[in-house]
Amino acid sequence: MKLAKTYEPNAYEPNIYAMWETSGQFAPQGEGEPYSIVMPPPNANGNLHTGHALTVQLEDILARFHRMKGRDVVYIPGADHAGFETWVVYEKELSRQGKNRFDFSREQLYSQVWNFVEQQRGNMELQLRALGVSASWEHLVFTLDEKVIKTVYGTFKKLWDEGLIYRGERIVNYSTKYQTSYADIEVDHKTEKGTLWKIAYPTLDHIGEIIIATTRPETLLGDTAIAVHPDDERYKHLIGTRVLLPIVEREIPIIADEYVDPTFGTGAVKITPAHDPNDFEVGQRHDLERIQVIDFDGTMINVPSQFLGLDVPTARKRVLAALQAGELLRGEETIEHSVGYDYKSGEPIQPLIKDQWFLNVRPLAERAKAAIEEGEITFSPASKKRALVQYYDNLKDWNLSRQIPWGIPIPMFQNVNDPDDWVFDERVDEKEIVVNGTTYRREEDTFDTWFSSGQWPFITTDYLDGGDLARFYPTSVLETGVDILYAWIARMVMLGLYATDTVPFRHVYLHGLILDEHGQKMSKSKGNVINPMEIVAEYGSDALRMGIIASRSAGQNQAFSTSKIVAGRNFCNKLWNIARYIQSRTGDDYQPQGVLRPITTADHWIIRQLNEAADAIEDHLTHYRFAEAAETVYHTVWNDVADWYVEVSKKQDNVQMLAWVLDTTLKLTHPFAPFVTETIWQTLDWHHNLLMTKQWPSDNPYDEIAAAAFERVQEFVSEARYVLAELPAGKKYSILYQNDGLIADNIDVLTHLTRVKEIRRVDQPVGLRLASSNREAWLDVDKDTLYEHQSNLEKRLAETRQQIANLNGRLSNESYIQKAPAHLVEETRKEVEQKEAYAKRLETELSVIED
RNA sequence: GGGCGCGUAGCUCAGUUGGCUAGAGCGCGUCAUUGACGUUGACGAGGUCGGGGAUUCGAGCUCCUCCGCGCCCACCA
């Protein structure tokens with residue numbers, strides 16, 4: 001006996017992984033049709049969460065399966081510098097040291113963060129190994145690798161040369177806490193209750209006042225106009241006149257603009273071009289001055305001295321107080337409105353004006369949309385195709401600039417004498433460069449990380465350079481969380497098509513969020529985060545894999561379930577013990593023999609079951625039905641192999657078949673439980689190589705008549721067990737049979753499976769007939785037990801008669817006969833015949849008892 | 001304002017193009033057990049598939065409507 005009684009995953013997993021990795025088999029082998037998956041790169045200095053675990057385990061199932069199907073597989077791992085996220089962590093570190101970003105140059109900060117990341121790098125990669133991913137480590141790409149930057153610059157230059165990049169002063173989403181701008185998609189809009197204040201502005205050319213409504217009174221200090229709708233009768237006469245801006249006492253005009261909704265608030269809007277996107281546009285149309293009153297650090301500037309330097313909430317209070325004092329407040333109401341927050345920190349976002357680099361997305365979005373509509377990429381769940389198309393329809397220009405040092409520098413330089421003169425240059429390590437005698441100064445901003453990760457598939461495969469992995473582009477499938485459909489998938493499709501003229505992947509599989517056990521979103525603040533490494537430590541990597549994909553469907557948020565992990569662990573143990581048993585039968589010196597030789601009906605049956613399972617699993621995986629594939633594995637192994645075949649084998653020896661069944665079972669299970677299957681495989685004397693390199697099982701010949709005969713054995717066993725369970729407990733019964741070949745041929749097996757005392761031939765019917773499976777068999781019960789059982793028989797007879805009536809009802813329906821497919825009608829007829837025969841047997845049996 | 005999803009067994013959820021008696025894991029009940037496994041085995045109970053209507057020979061699945069949840073997108077001051 002080579003295997004311990006229970007499977008202890010921790011004792012084997014690290015060694016098995018090392019064996020795989022050193023074998024070189026994770027790398028593509030150069031034979032077969034390419035199959036490729038690029039891993040969404042986890043944060044290089046972070047820890048994996050359950051979402052990562054799900055991602056890589058789904059991907060690894062595909063990678064391992066397709067490798068076994070003979071494809072040339074590459075699964076490319078990655079590590080993300082996670083620009084903003086890492087920066088936030090590092091800035092906290094700086095403030096702990098009593099410093100901030102302004103104490104250092106960009107170069108200094110960059111190298112400091114690099115060291116900071118370097119210290120903790122590798123954690124994540126170890127964790128990926130613990131999850132068993134068969135990734136080609138030699139091809140790992142870090143998002144700040146030279147080749148990444150080179151490709152990103154190439155794409156940027158192409159965009160710049162083709163006029164799709166522009167620099168513009170726009171209202172951007174700005175985090176005053178982190179002092180960087182964001183893309184629209186990084187702003188988390190929350191609908192909340194707020195106060196709408198009504199404020200009177202005294203009119204200068206008429207006696208009176210005009211009342212505006214605002215939720216942000218502090219921005220009043222930067223107002224440069226009041227706007228009304230041109231057709232609004234209430235205000236028509238005031239258009240073109242002036243009002244006095246309260247507190248500041250500046251004269252501003254009343255203008256007319258279609259943008260104003262006369263039904264909202266008072267129908268008059270204060271215009272602050274520097275702090276509201278709509279006002280900005282109004283300001284452009286009317287050539288209004290832009291006065292910035294909130295600085296990039298979130299404090300007030302360009303305002304009367306009593307407000308100078310205040311933060312926004314304080315300024316708001318003071319402004320309201322000043323208005324109150326001036327008796328200019330005309331009431332307030334509570335309204336629901338949308339407020340923007342930083343998606344990461346939850347801090348409020350300020351709309352501020354900033355010069356930024358923008359990508360004109362329209363041409364890219366149109367092309368991506370067309371490709372998706374034409375089905376060049378398929379989606380699981382399919383509904384996301386439409387969602388993505390709609391997203392492209394509404395997409396606005398993309399702000400690529402970030403004011404954080406931890407990222408890829410934007411390779412642009414500005415003429416020191418002409419602010420509008422910019423040149424592209426990759427010498428980003430130099431603060432100033434000279435081009436044609438003119439000095440240019442470096443842009444200090446870095447790229448939005450999605451701009452570089454949006455190019456990930458063709459970067460990692462070296463497609464543009466025609467590198468070794470270029471044949472793997474476009475990749476076969478991209479698996480990630482549904483939450484980054486827009487941020488990442490949408491960008492990859494746009495940039496992939498733009499840079500390579502082909503879609504970056506053929507299929508997108510999106511999983512939903514993993515919620516905690518109670519269906520709540522996991523978050524650090526709630527303290528309900530599940531650490532996948534703890535699950536691996538407690539239950540094993542395979543258990544996590546089986547448990548986490550069970551009953552999980554594409555795109556749906558679903559709760560984490562420990563009971564499913566436990567089920568996964570128990571499954572591994574079951575497999576382990578199947579192996580233990582079979583090894584005890586094969587002995588140590590078993591040698592595999594050439595052609596498979598099924599002898600018993602069970603042999604033929606199990607070949608058929610495993611053939612069918614292999615086909616079903618393949619079909620499920622081809623359609624990305626992971627949970628169903630895993631369920632097929634689970635039940636084939638547990639029910640067919642363990643509960644039936646192994647049990648029968650205890651009475652019908654066929655060592656060659658047992659060894660083959662074990663081999664095949666391990667192969668079918670391997671993508672879903674790689675560690676335990678490989679561990680077992682390595683203990684089998686008749687194998688001298690890795691399970692992960694074996695071919696997926698192909699169909700083996702078997703005899704259908706024999707397989708069907710075994711099914712009749714199963715039916716009989718089931719009935720015997722069912723009836724025996726109803727009989728008084730604690731008593732051993734015997735099965736008696738009369739002239740029944742199936743029973744006569746399987747006496748040992750049947751005795752074992754039904755756990756009866758014995759099975760004996762009789763001449764006369766006696767006792768309780770096992771009528772359901774249509775065998776000439778009886779249980780030797782005494783008269784009292786027999787009468788007790790009578791009511792059960794009657795109940796079953798009544799049920800059967802009801803079923804027959806239902807079926808006959810269907811058959812007597814003319815429309816059913818005419819319209820339903822012929823085979824269904826035929827099946828219904830057959831079913832009626834069977835039920836009637838069964839009812840007849842029950843009746844006979846009852847009449848015997850009554851006699 | 002626009003869009004998407006969910007509601008199926010006590011719990012967590014599957015259910016592919018409409019077609020045998022609607023499934024799984026866990027939980028629950030009864031029983032069993034020495035040629036692997038108690039992380040076991042056998043048997044069972046438990047569902048008017050959120051309500052109502054429509055289409056169809058046939059609906060958990062299609063359509064309409066209502067109820068209850070959740071999510072995404074969007075610059076309403």
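By convention in this document, chain letters (A, B, ...) are assigned in the order of the sequence lines, proteins followed by strands, and residues within each chain are numbered from 1. Atom set for the values below is all heavy atoms of this structure, side chains included, hydrogens, waters and symmetry mates excluded.
For a distance-only test at 3.5 Å, the side chain of A/K574 fails to qualify as a donor-acceptor partner of the base of B/rU39.
Residues forming a side-chain hydrogen bond (donor to acceptor under 3.5 Å, both in side chains) with A/H337 (at least two apart in sequence, or on another chain): none.
A heavy atom closer than 4.0 Å to some atom of RNA chain B occurs in A/S551, A/S553, A/Q556, A/Q558, A/A559, these being the qualifying members of residues 546-559 of chain A. Within a heavy-atom distance below 4.0 Å of RNA chain B, the residues of residues 641-648 of chain A found are A/A642, A/D643, A/V646, A/E647.
For B/rC61 and B/rG5, the P atoms lie 15 Å apart once the distance is rounded to whole Å. A gap of 9 Å separates the P atoms of B/rA14 and B/rC6, to the nearest Å. Spacing of P atoms, B/rC64 relative to B/rG27, comes out at 42 Å, to the nearest Å. Comparing the same atom, P, in B/rU17 and in B/rC63 gives a spacing of 13 Å after rounding to whole Å.
OP1 or OP2 of B/rA77 sits under 4.0 Å from a side-chain N or O of A/H337. Within the structure, a side-chain polar atom (N or O) of A/H635 is placed less than 4.0 Å from OP1 or OP2 of B/rG25. Side-chain nitrogen and oxygen atoms of A/R386 include at least one within less than 4.0 Å of the OP1 or OP2 phosphate oxygen of B/rC4. Distances shorter than 4.0 Å separate some side-chain N or O of A/R580 from OP1 or OP2 on B/rC37.
Judged as a side chain to side chain donor-acceptor pair (under 3.5 Å), the pairs with a partner in residues 385-395 of chain A (not counting sequence neighbours) are, in order, A/K369-A/D393.
Among the protein residues, A/R569 comes within range of the nucleic acid bases, having at least one heavy atom under 4.0 Å from a base atom. Residue-level contact check: A/Y486 touches the backbone only, with heavy atoms under 4.0 Å from sugar-phosphate atoms and none from bases.
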Which atom pairs, donor and acceptor, lie under 3.5 Å between side-chain atoms of residues 821-833 of chain A and protein residues at least two apart or in another chain?
unit_1 : atom_1 : unit_2 : atom_2 : d
A/T828 : OG1    : A/Y816 : OH     : 3.0
A/T828 : OG1    : A/L824 : O      : 2.8

Annotated structure of RNA chain B as dot-bracket, pair cut-off 3.5 Å, Watson-Crick or G-U only, | for inter-strand, is (((((((..((((.....[...)))).(((((.......))))).....(((((..]....))))))))))))....
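Among the nucleotides B/rA14, B/rG3, B/rA77, the one closest to the side chain of A/Q390 is B/rG3.
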